[in-house]
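See below for the structure under consideration.
Here the structure is a predicted model, which means the values were calculated and not measured.
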Amino acid sequence: MSKIVSAVCVHILCVVFLFCLSISAKSQLNNTDTAQTYTLDQCVTYALKHEPFINMAIVNQAIVKASNAIATAGWLPQVNVAGNYTHYFTLPTSFIRDSTGKTINQKSGIVNTFAPTLAVTQTIFNPALVYALHSAPLYDKQAQQVTDSNKISIIAAVSKSFYSLLNTLEQINVIKEDTARLNKNVSDTYHQFVGGIVDKTDYDEAVISLNNSLFLLRQAQEGVRPQYALLKQVMGYPPTSHFNVLYDTLEMQKNIPFDTTQQLQFEKRIEYQFLQTTKALQLTTVDYYRKAWLPTVGAFFDYEYEFEHNSMDGFFNQAYPFSYAGLSVSIPIFTGFARLNNVKRARLQYDMLDWQEVELKSQIWNDYTTAMANYKSNLYNLSVSRENVGLAKETYDIVTLQYSQGVVPYLNVITAQTNLFQSDLSYEASIFQVLSSKIDLERAMGIITVNTVNP
């Protein structure tokens with residue numbers, strides 16, 4: 001009798017714990033009733049607007065534009081206003097010849113002199129400014145490509161984090177179904193044990209299996225928190241704010257197919273595009289050093305409004321203005337072979353970029369082949385897992401029926417239950433594995449772009 005009471009107590013405790021665990025799961029997955037929900041596209045759209053690295057790249061674009069404007073500002077007229085005030089404590093001495101041819105000295109000049117000057121210069125030709133003008137669009141393009149590269153990385157990271165979170169949530173659903181089956185097994189074996197149909201060991205095995213399933217359920221539910229934290233991080237979402245994910249597994253499965261006959265095109269990868277822009281910029285640098293021998297030509301105009309007086313009284317009563325204009329030409333004749341060495345260095349740096357292109361193509365090819373292999377492998381695993389779920393469900397139903405009729409031992413039920421549970425878990429995991437591997441494949445082939453996501 002005491003054994004029966006003990007068994008009843010254990011069964012009741014398992015049921016109560018399962019109920020409490022279910023309530024706890026709901027409170028963890030739905031932090032608030034008013035929590036906002038996001039689909040995958042909405043998560044990516046949010047990340048593209050709020051993720052710190054993307055915003056830093058956008059700020060860097062503005063910095064590059066400002067830097068280009070500074071570098072090309074020399075093409076515009078340069079206007080300066082200056083003024084010099086001079087006071088002589090002792091006037092300078094000058095020597096002149098008188099009418100007899102004798103050299104005499106005398107003081108010359110004015111004690112107080114003030115000359116405000118308006119100076120205007122205009123560059124007509126300058127090799128450095130020509131280089132700045134030609135390289136400015138390339139620097140802008142580079143900055144834009146850096147931003148696009150960050151966006152592509154964030155799109156991939158958010159998508160994979162989203163799939164990882166969904167995998168955990170689907171695992172929770174699978175474990176809940178497993179727990180429900182095991183709870184029914186506990187109830188059935190309990191009544192069979194009380195009726196003397198089965199041994200107590202069958203009931204004990206059922207309780208052990210239920211306890212293990214409850215542990216896995218708790219573990220999976222706790223794993224949701226760090227999954228949400230990771231998704232918030234890659235989205236740039238406030239860590240203390242909450243949101244829930246909205247998804248349709250059946251709709252996602254429609255996005256699994258991918259045309260694996262597509263050929264890899266290096267030009268689609270943003271890294272390759274960035275390298276080509278860098279090479280174009282380096283060619284501009286080579287051209288600049290080749291033409292560094294060209295003269296610098298400019299025009300200038302000065303206007304001075306000079307005041308002169310021996311005392312401060314009436315100092316500004318009379319002005320003696322004058323102005324002049326002219327051209328300036330500067331031609332580098334010999335620079336210690338600096339120009340030739342600059343050309344040589346710039347050309348070698350371009351050769352270095354050629355080798356970087358070879359290495360980049362090898363890396364892109366490795367990324368592509370690895371991603372393609374993973375996608376095909378995961379796609380095959382998905383089809384096998386789907387078939388296994390059907391077979392495991394059919395086997396479990398048959399074995400359960402056989403056990404209830406006393407044909408097979410309870411060990412067969414445990415084996416069938418475990419196989420069904422593992423098959424369900426594998427199937428759910430394989431869905432998100434193939435989706436994640438598709439993201440890797442699309443990124444490796446350069447298919448993911450900043451226009452991939454529809455806001």
| All ring pair (Phe, Tyr, Trp, His ring centres under 6.0 Å) counterparts of H191, not counting sequence neighbours | none
| Atom CG in L425, atom OG in S430: separation rounded to 0.5 Å? | 10.5 Å
| Parallel, tilted or perpendicular, as decided by the 30° and 60° cut-offs, for the rings of F243 and Y228 | perpendicular
| request: Find out whether L264 and W365 are in side-chain contact, i.e. whether some heavy atom of one side chain is under 4.5 Å from a heavy atom of the other. | output: yes
| said: Using only atom types and a distance under 3.5 Å, with no angle test, would you say the side chain of E51 pairs donor to acceptor with the backbone of F53? | reply: yes
| said: Could you check whether any side-chain N or O of N419 sits under 3.5 Å from a backbone N or O of T415, counting only pairs where one atom can act as donor and the other as acceptor? | reply: yes
| query | Roughly how far, to the nearest 0.5 Å, is CG of N388 from CD of Q422? | reply | 11.5 Å
| query | Roughly how far apart are I414 CD1 and Y403 OH, rounded to 0.5 Å? | reply | 9.0 Å
| said: Counting C-beta onward and ignoring hydrogens, is there a side-chain heavy-atom pair between I172 and L217 closer than 4.5 Å? | reply: yes
| message | Main chain of M445, side chain of R269: is a donor-acceptor contact present, judged purely on distance under 3.5 Å? | response | no
| query | Is K268 reaching over with its side chain to a backbone N or O of I447, donor-acceptor style, under 3.5 angstrom? | reply | no
| field | Heavy-atom donor-acceptor pair, S436 side chain to Q433 backbone, under 3.5 Å | value | no
| task | To the nearest 0.5 Å, tell me how far L165 CG sits from N244 CG. | result | 9.5 Å
| said: With heavy-atom distances below 4.5 Å as the criterion, would you say the side chains of Y163 and N167 are in contact? | reply: no
| query | With side chains defined as the heavy atoms from C-beta onward, is the minimum distance between L382 and Y427 less than 4.5 Å? | reply | yes
| field | Salt-bridge present (D424, K393; N to O < 4.0 Å) | value | no
| query | Would you say N55's side chain and K49's backbone share a donor-acceptor pair under 3.5 angstrom? | reply | yes
| task | Would you check if L129 and T72 make a side-chain contact, meaning some heavy-atom pair closer than 4.5 Å? | result | no
| Can any side-chain N or O of K291 pair as donor or acceptor with the backbone N or O of V130 at less than 3.5 Å? | no
| message | Taking the side chain as everything from C-beta on, heavy atoms only, tell me whether L40 gets closer than 4.5 Å to L166. | response | no
| Heavy-atom side-chain contact between E357 and K279 under 4.5 Å | yes
| What's the spacing between S213 OG and I208 CD1 if we round to 0.5 Å? | 13.5 Å
| message | Given 3.5 Å as the limit, does a donor-acceptor pair link the side chain of T370 with the main chain of D367, or not? | response | no
| Distance-only, no hydrogens or angles: does the S67 side chain make a donor-acceptor pair with backbone N or O of I63 under 3.5 Å? | yes
| field | Side-chain donor-acceptor contact under 3.5 Å, N342 with R339 | value | no
| Under 3.5 Å, is there a donor-acceptor pair between the D148 and Q144 side chains? | yes
| request: Taking the side chain as every heavy atom from C-beta outward, state whether Q171 and V174 have any atom pair closer than 4.5 Å. | output: no
| said: Out of the candidates T277, T278, T147, only one should pair with Q142 under the side-chain hydrogen bond (donor to acceptor under 3.5 Å, both in side chains) rule; please name it. | reply: T278
| said: Under 6.0 Å from the ring centre and within 45 degrees of the ring axis: does the NZ or CZ of R181 meet both conditions for the six-membered ring of Y396? | reply: yes
| message | Please enumerate all residues that pass salt bridge (charged side-chain N to carboxylate O under 4.0 Å, His left out) together with E267, with sequence neighbours excluded. | response | none
| With sequence neighbours excluded, residues passing ring pair (Phe, Tyr, Trp, His ring centres under 6.0 Å) with W75 | none
| query | Say you draw a straight line from OG of S423 to CZ of R386; how long is it, rounded to the nearest 0.5 Å? | reply | 13.5 Å
| query | Has the side chain of S161 got a donor or acceptor atom that lies under 3.5 Å from a matching backbone atom of A157? | reply | yes
| field | Modelled atom types, side-chain donor and acceptor of Q227 and S164, under 3.5 Å | value | yes
| request: Could you tell me how the ring of Y38 sits relative to the ring of Y237: parallel (under 30°), tilted (30 to 60°) or perpendicular (over 60°)? | output: perpendicular
